[in-house]
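One-based numbering along the sequence shown.
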Amino acid sequence: MARPRQEAVAVPSLGGVWWERFLRDIYPQRKPVVLKGMELGSCITKWTVDYLSQAEGSKEVKIHVSAVPQMDFLSKNFVYRTLPFNEFVRRAAEVKHKEYFLSEDEKYYLRSVGEDARKDVADIRKQFPVLADDVQIPEYFDKEQFFSSVFRISSAGLQLWTHYDVMDNFLIQVTGRKRVVLYSPQDVPYLYLSGTKSEVLDVDNPNFEKYPLFVKAKRYECYLEAGDVLFIPALWFHNVISEEFGVAVNVFWKHLPAECYDKSDTYGNKDPMVASRAIQILDRALKTLEELPEEYRDFYARRMVSRIQEKAYRNDYG
């Protein structure tokens with residue numbers, strides 16, 4: 001019996017896109033797009049392993065270390081460790097390690113955070129000021145909308161879990177090559193969510209017996225080369241595979257009015273406060289339904305679903 005499969009839709013690529021065209025023609029569509037040929041600064045040519053190591057020296061960084069390529073935030077199949085930045089960069093660029101924490105082929109991942117991760121957002125200008133001078137961030141948004149700039153370094157072969165963010169962002173691939181698989185917000189019923197993360201980690205070889213509805217999700221895919229910028233709209237799920245050792249910068253900005261976001265959110269992944277309240281109300285309603293016999297519970301649950309579809313679903317998705 002043939003295995004079900006998802007056909008991939010290529011994310012469109014555009015070259016020479018100025019901010020006027022982006023805001024007028026691309027941004028309103030709320031779909032991913034790869035922007036090519038943007039002016040990103042000297043980082044494209046300067047950020048070699050040697051330069052990175054020297055630029056930020058031996059400052060300590062907290063990193064993810066995984067014995068397997070597929071990192072899973074739900075099962076926490078990785079550990080946190082601290083290394084001097086220059087030592088971390090050297091290890092992340094290696095395939096086999098003479099020095100290691102878990103295994104000689106372990107994978108490394110840096111996702112920069114604020115000085116106090118519980119209170120401060122990531123800002124490359126503050127955490128990595130020398131490197132920040134090399135980057136020209138595309139400012140296709142008002143300065144007051146800026147939320148964070150996240151510095152990322154990944155070992156070759158590392159795959160990050162499938163998740164969504166609540167803010168729009170640019171994924172700027174400075175060095176190396178990435179493959180990104182994306183899913184539309186409308187496919188959330190097929191993605192087996194736990195919070196903002198999907199339980200389906202291996203999007204290339206999913207377990208359809210465990211996740212049978214996943215085959216219905218429409219898969220979008222793109223490859224990012226050095227110098228490419230991927231626009232990821234808020235709520236779009238993405239799974240990122242580093243095909244090579246690579247360095248990237250994520251820039252997040254607030255698409256909604258500032259008061260919509262949770263002020264305690266330093267990562268940009270807490271649902272808007274109104275959405276969080278609605279989910280809490282729904283949980284209480286479902287708890288109330290448990291007081292009914294199964295037949296009645298099923299009937300009124302279906303009525304609730306129909307009402308939600310009628311009142312809140314969009315019908316104009318492309």
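- Atom CD of E144 has more than 12 heavy atoms from other residues, nucleotides or ligands within 6.0 Å.
- One side chain, Y164 or D271, offers a donor N or O that lies under 3.5 Å from an acceptor on the other.
- Of the listed residues (F214, Y192, Y220), just one forms a ring-ring contact (aromatic ring centres under 6.0 Å, His included) with Y183, and that residue is F214.
- Taking hydrophobic clusters as Ile, Leu, Val, Met, Phe, Trp and Tyr residues chained together by side-chain heavy-atom distances below 4.5 Å, I308 does not share a cluster with L193.
- Residues M38 and P138 come closest through the heavy atom pair CE-CB, 3.5 Å.
- Heavy-atom minimum distance, S148 versus V121: CB-CB, 4.2 Å.
- Hydrophobic clustering (side-chain heavy atoms under 4.5 Å, transitive across Ile, Leu, Val, Met, Phe, Trp, Tyr) groups L131 together with F245.
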Quick one: do L110 and F88 satisfy side chain to side chain contact (heavy atoms under 4.5 Å, CB included)? Show the steps, please. CA-CA 9 Å; L110 168 67; F88 157 69; 3.4 Å; yes
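- Under a 4.0 Å N-O distance rule, the pair K287/D283 does not qualify as a salt bridge.
- The shortest heavy-atom contact between S149 and S112 is O-OG, 4.3 Å.
- Once rounded to the nearest 0.5 Å, the distance linking CG of D72 with CD of Q159 reads 10.0 Å.
- Going from atom NZ of K98 over to atom CD of E104 covers 11.5 Å, rounded to the nearest 0.5 Å.
- Of the possible polar contacts, one joining the Q29 side chain to the D25 backbone as a donor-acceptor pair under 3.5 Å is found.
- Using a 4.5 Å heavy-atom threshold, the side chains of Y223 and R177 count as touching.
- Annotation: the span from Q173 atom CD to L171 atom CG amounts to 6.0 Å, rounded to 0.5 Å.
- Between the side chain of N77 and the backbone N or O of M71 there is no donor-acceptor pair closer than 3.5 Å.
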Side chain to side chain contact (heavy atoms under 4.5 Å, CB included), that's the test. Do K218 and V9 meet it? Break it down for me. CA-CA 8 Å; K218 186 176 181 179; V9 177; 3.7 Å; yes
Begin with the C-alpha distance, continue with both residues' side-chain angles, and end with the deciding distance and a verdict on ring pair (Phe, Tyr, Trp, His ring centres under 6.0 Å) for F170 and Y140. CA-CA 10 Å; F170 283 137; Y140 284 18; 5.7 Å; yes
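- A salt bridge does not link D133 with R125: every distance from a Lys NZ or Arg NE/NH1/NH2 to an Asp or Glu carboxylate oxygen is 4.0 Å or more.
- For the pair V95/D105, no side-chain contact is recorded, criterion being any heavy-atom separation below 4.5 Å from C-beta on.
- Cation-pi contact between R297 and Y300: absent, since separation from the ring centre below 6.0 Å together with deviation from the ring axis within 45° is not met.
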Can you list the steps and then say if L230 with V180 is a side chain to side chain contact (heavy atoms under 4.5 Å, CB included)? CA-CA 9 Å; L230 173 61; V180 185; 3.9 Å; yes
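- Using a 3.5 Å distance cut-off with no hydrogens or angles, the side chains of N239 and T162 do pair a donor with an acceptor.
- Ionic pairing of R179 and E221 is present here: one or more N-O contacts between side-chain nitrogen and carboxylate oxygen are shorter than 4.0 angstrom.
- The OG atom of S306 sits 8.5 Å away from atom CD of E310, with the distance rounded to the nearest 0.5 Å.
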Test log, rule ring pair (Phe, Tyr, Trp, His ring centres under 6.0 Å), inputs F151 and W47: CA-CA 13 Å; F151 183 59; W47 282 10; 5.7 Å; yes
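- At a threshold of 4.5 Å between non-hydrogen side-chain atoms, the residues H238 and H163 count as touching.
- V65 and F78 fall into different hydrophobic clusters, defined by Ile, Leu, Val, Met, Phe, Trp and Tyr side-chain heavy atoms under 4.5 Å apart, directly or through other members.
- Once rounded to the nearest 0.5 Å, the distance linking OG of S13 with CG of L35 reads 8.5 Å.
- Two residues are said to be in side-chain contact when any heavy atoms from C-beta on lie closer than 4.5 Å; Y51 and D134 meet this criterion.
- Within 6.0 Å of atom CD in E294, 12 or fewer heavy atoms from other residues, nucleotides or ligands are found, so the atom counts as exposed in its surroundings.
- At least one cation-pi condition fails for R81 and Y108: the charged atom is not both under 6.0 angstrom from the six-membered ring centre and inside a 45 degree cone around its axis.
- Formation of a donor-acceptor pair under 3.5 Å by the E106 side chain with backbone atoms of F101 is found in this model.
- Within the 3.5 Å criterion, the main-chain N or O of N205 finds a donor-acceptor partner in the side chain of D202.
- Under the 30°/60° scheme for interplanar angles, the aromatic rings of H64 and Y109 are found to be tilted.
- The minimum heavy-atom distance linking T175 with A226 is given by the pair CA-CB, 4.0 Å.
- In terms of heavy-atom proximity, A93 sits nearest to V49 at CB-CG2, 3.8 Å.
- Under a 3.5 Å cut-off, the side chain of E199 and the backbone N or O of L201 do not form any donor-acceptor pair.
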Determine, step by step, whether H255 and Y27 satisfy the ring pair (Phe, Tyr, Trp, His ring centres under 6.0 Å) criterion, reporting the C-alpha distance in whole Å, the side-chain angles of both residues, the deciding distance to 0.1 Å, and the verdict. CA-CA 11 Å; H255 172 59; Y27 196 53; 5.7 Å; yes
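- The side-chain heavy atoms of V251 and N169, taken from C-beta on, include no pair separated by under 4.5 Å.
- Under a 4.0 Å N-O distance rule, the pair E99/R90 qualifies as a salt bridge.
- Judged by distance alone, the side chain of S198 and the main-chain N or O of V200 form a donor-acceptor pair under 3.5 Å.
- Atom CZ of R24 sits in a crowded spot, with more than 12 heavy atoms from other residues, nucleotides or ligands closer than 6.0 Å.
- Considering all non-hydrogen atoms of both residues, L213 and P189 come closest at CD1-O, 4.0 Å.
- Contact check for V61 versus F128: side-chain heavy atoms found under the 4.5 Å cut-off.
- Linking ILVMFWY side-chain heavy atoms closer than 4.5 Å, directly or via other members, places W161 and W236 in two distinct hydrophobic clusters.
- The closest donor-acceptor contact from the side chain of T266 to the backbone of A117 lies under 3.5 Å.
- Judged by distance alone, the side chain of D262 and the main-chain N or O of S264 form a donor-acceptor pair under 3.5 Å.
- At least one side-chain heavy atom of I63 sits under 4.5 Å from a side-chain heavy atom of L83.
- Taking CD1 of I241 as the reference point, atom OG of S154 lies at 11.0 Å (rounded to 0.5 Å).
- The backbone N or O of K254 lies less than 3.5 Å from a partner atom in the side chain of Q145, making a donor-acceptor pair.
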Decide side chain to side chain contact (heavy atoms under 4.5 Å, CB included) for N269 and V166; before the verdict, give the C-alpha distance in whole Å, the side-chain angles of both, and the deciding distance to 0.1 Å. CA-CA 5 Å; N269 59 8; V166 299; 5.8 Å; no
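- Annotation: cation-pi geometry satisfied between K76 and F73 (NZ/CZ under 6.0 angstrom from ring centroid, within 45° of ring axis).
- Taking the ring axis of Y80 as reference, the NZ or CZ atom of K62 stays within 45° of it and closer than 6.0 Å to the ring centre.
- Distance alone, capped at 3.5 Å, places no donor-acceptor pair between the S242 side chain and the E244 backbone.
- Both F146 and V249 are part of a single hydrophobic cluster, where members link through side-chain heavy atoms under 4.5 Å apart.
- No side-chain heavy atom of D187 sits under 4.5 Å from any side-chain heavy atom of K216.
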